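One structure below.
Values in this document were obtained by computation on a predicted structure and should not be read as measured data. Below, chain A is the first sequence line, B the second, and so on; all start at residue 1.
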Amino acid sequence: MALVVELLRSSVPPVAVEVIRLDLGALDAGERAAAVDFVVHRLSTMPTIPRAGICSLSVVLAQLVRTPLGAPVLRWASRESPPLLGDYVRLVRGLVVSHVWETRG
Amino acid sequence: MSADLERVLAQGADDISSTMSCDVLVIGSGAGGATTAALLAEAGFDVIVVEEGTYTPPGSVSQFSLAQMDAQYRNGGVTAAVGRPVIAYTEGCCIGGGTEVNSGLYRRPPEEVLHRWRTGWSIDDFGDDEIFSIADEIEEAISVSPVPGPATPASQRLADGARSRGWKVDESPRWMRYPADGGVLDGVRQSMCRTYLPRAVEAGARILASTRVLHLRISGGRAHVAVVERSRPDASVTRSAIRFRDVVVCGGAIQTPALLQRSGLRHNIGRTLAMHPTVKLAARFPDVTSIPDDIPVHQVKEFAPGLSFGGSASGPGLVALSMSDNWHSFGSASDDWQRVAVYYAAITSEGRGRVVSVPGARDPFVTYRLTGRDRQLLSSGLSRLSHLLLGAGAEEIYPGYRDAPIIRGSRDLADMYDRFSVNRATVMTVHLCSTVPMGEDDRRCAADSSGLVYGTANVFVNDASLLPDAPGVNPQGSIMALAIRNARRLIRERGRG
């Protein structure tokens, strides 16, 4: 459990930042950082098995977004909503917009 | 009353004895658990209620906010049934359970639903008269009433749209108390923390918050001990046991079957999860429509029970969330969120899901499969809802699925219908039931007509899990009516009635 949360903390931020860049456009740095923290927090409190699945995907995607393939894969996942990967992108995107628009007041 | 509840909760937190005992252990404090505890305590039973969540004083967090999700929802509200598509769901996890966080809309169980349950699942002594007499009692206890004066703008829009199409629409009453000169926004929710839990406390029930039941120890078909884990504010956890004569499990349609499975009970348990899946859209109107912390009370029942329309909470975060699948084309409308309201099309699904407790995992694994008919109904539901909202004066409609077009007139509806795919939609639900269905037909039921789990002598279930299938209406009224009926049967059976 602790290992999964640690892995989420390290792997989700780069992926979330890329999803924000591709799907949501410009957010100021403070807003983006708060939203990413919120995404990590929420994913860390998910039920055990989905959290393990999200963690595995995050670890793979965190490596992928460091390569030139990262952006095209995420863009494709966002557009085509393939099982799991599409759900992951939708979840991250939904958490980010909820947080940003609720906390903007 | 709530001061007594807080005092009893504080006493419960201080009581760290390794073994407690009682006549009846009630697990869960929501619509099923609170009513069960109140009736049993008032009948003279020594009752302990355990609740995994914490106590949040009613009204201390904004309704439908992220702060509320942290405080009162299980897993921060990020829970989902795995399938194609994934279906997001939420469960309350706090003193008072789902009644502290839900819409507060009330419906009696419909007559045809009671008939279906009685005949289809062979539920004995399940007469309409008894259920409706209990419904009368509930409606008084939780102050079920229509809103005073006009409903909110988002609700009025829905009603206007339905009337413009000649469709049946009505106002769902709510369990709210309104001051004599108050309006629609002045209601005070009559959740379990304000109604049945104070009654239970007054009759002597003890309530333990932050207490999770790991499993029940059962031997020879009789449960006698619950092994519990109690969390402290400093994050430390202690394990202890609670002894009882009878146990009533009221953890809701996901947690109840999971606990029974962890306790070694599996017969027809967790195999028939039912729900009301919904798809959503946002509609922008010419004037201010949205009220952040309230919900429309009108519901469109023209196509019920298969399909119903209603309104959702529409604060800025939730409006933005409803547009997030198409942020590049819809997102700018979020800046104008006061003019935008979120609506849903809900179906009574024919699909079923499973709740499976996995050894070593704290939470159960939940799956759900929509049928072809469900998919068709969700698709036509979104189109019909859009048609209705155009009739209500919506300037633009933003359907909740990937690659949806913006709807500005009737000519766009065909395009919307053609492009819709459930697999690309955000599907969610807040109504979960039927994971321990009740009835005398033990080939398909997990508990008998009183909620006694088959194969046991003293393990009862008394929550949404018992509903044989999804009722097609807001289920809290049905859950409470069944819970009160079953609690009275238990009281009689144990010689206290």
Distance-only criterion, 3.5 Å: show the donor-acceptor pairs between side-chain atoms of residues 86-93 of chain B and protein atoms not counting sequence neighbours.
unit_1	atom_1	unit_2	atom_2	d
B/Glu91	OE1	B/Gln255	NE2	3.3
B/Glu91	OE2	B/Gln255	NE2	3.4

Of all the heavy-atom pairs spanning [X] and [Y], show the shortest one and how long it is.
X: A/Arg42; Y: B/Gly76; answer: NE-O, 3.1 Å
X: A/Pro47; Y: B/Thr79; answer: CG-CG2, 3.5 Å
X: B/Ser324; Y: A/Arg93; answer: O-NE, 2.8 Å

So what's closer than 4.5 Å to chain A heavy atoms on [X]: side chain, backbone, both or neither?
X: B/Arg362; result: both
X: B/Ser322; result: neither
X: B/Ser421; result: neither
X: B/Asp403; result: side chain
X: B/Ala81; result: neither
X: B/Leu321; result: both
X: B/Val358; result: side chain
X: B/Asp70; result: both

Inter-residue atom distance [X].[atom1] - [Y].[atom2], 0.5 Å rounding:
X: B/Leu66; Y: A/Glu102; atom1: CG; atom2: CD; result: 3.5 Å
X: B/Asp335; Y: A/Trp101; atom1: CG; atom2: CH2; result: 6.5 Å
X: B/Arg402; Y: A/Glu80; atom1: CZ; atom2: CD; result: 9.0 Å
X: B/Asn75; Y: A/Ser44; atom1: CG; atom2: OG; result: 11.5 Å

Residue-level interface, residues 64-77 of chain A with chain B, non-hydrogen cut-off under 4.5 Å:
none

Hey, which residues of residues 85-92 of chain A are touching chain B, say heavy atoms under 4.5 Å apart?
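A/Asp87, A/Arg90, A/Leu91 fall under the 4.5 Å cut-off.
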
Need one label for A/Leu22: side chain, backbone, both or neither, based on atoms under 4.5 Å from any heavy atom in chain B.
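For A/Leu22, the contact with chain B is made by the backbone alone.
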
Answer with side chain, backbone, both or neither: which region of A/His41 has an atom nearer than 4.5 Å to a non-hydrogen atom of chain B?
side chain

Please determine, among B/Ala80, B/Gly315, B/Pro292, B/Ser334, the option with the most heavy-atom pairs under 4.5 Å with chain A.
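Sorted descending by pairs with chain A, the first entry is B/Ser334.
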
Using a cut-off of under 4.5 Å on heavy-atom pairs, state which of B/Arg84, B/Arg74, B/Met323, B/Met69 scores highest against chain A.
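Between B/Arg84, B/Arg74, B/Met323, B/Met69, the count favours B/Arg84.
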
Heavy atoms of other groups near B/Arg369 CZ, more than 12 under 6.0 Å:
no

Report yes if some heavy atom in the side chain of B/Pro316 is under 4.5 Å from a heavy atom in the side chain of A/Arg104; otherwise report no.
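B/Pro316 vs A/Arg104: side chains apart.
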
Quick one, B/Asp363 with A/Thr48, criterion side chain to side chain donor-acceptor pair (under 3.5 Å). Give me CA distance, side-chain angles, the key distance, then yes/no.
CA-CA 5 Å; B/Asp363 309 291; A/Thr48 320; 2.8 Å; yes

Quick one: side-chain hydrogen bond (donor to acceptor under 3.5 Å, both in side chains) partners of A/Arg51, sequence neighbours excluded?
none

Could you check which of A/Val96, A/Ile49, A/Leu95, A/Leu84 has the highest count of heavy-atom pairs closer than 4.5 Å to chain B?
A/Ile49

Working note: A/Asp23 + B/Trp327, criterion side chain to side chain contact (heavy atoms under 4.5 Å, CB included); need CA distance, chi angles, decisive distance, verdict.
CA-CA 7 Å; A/Asp23 257 10; B/Trp327 193 253; 5.6 Å; no

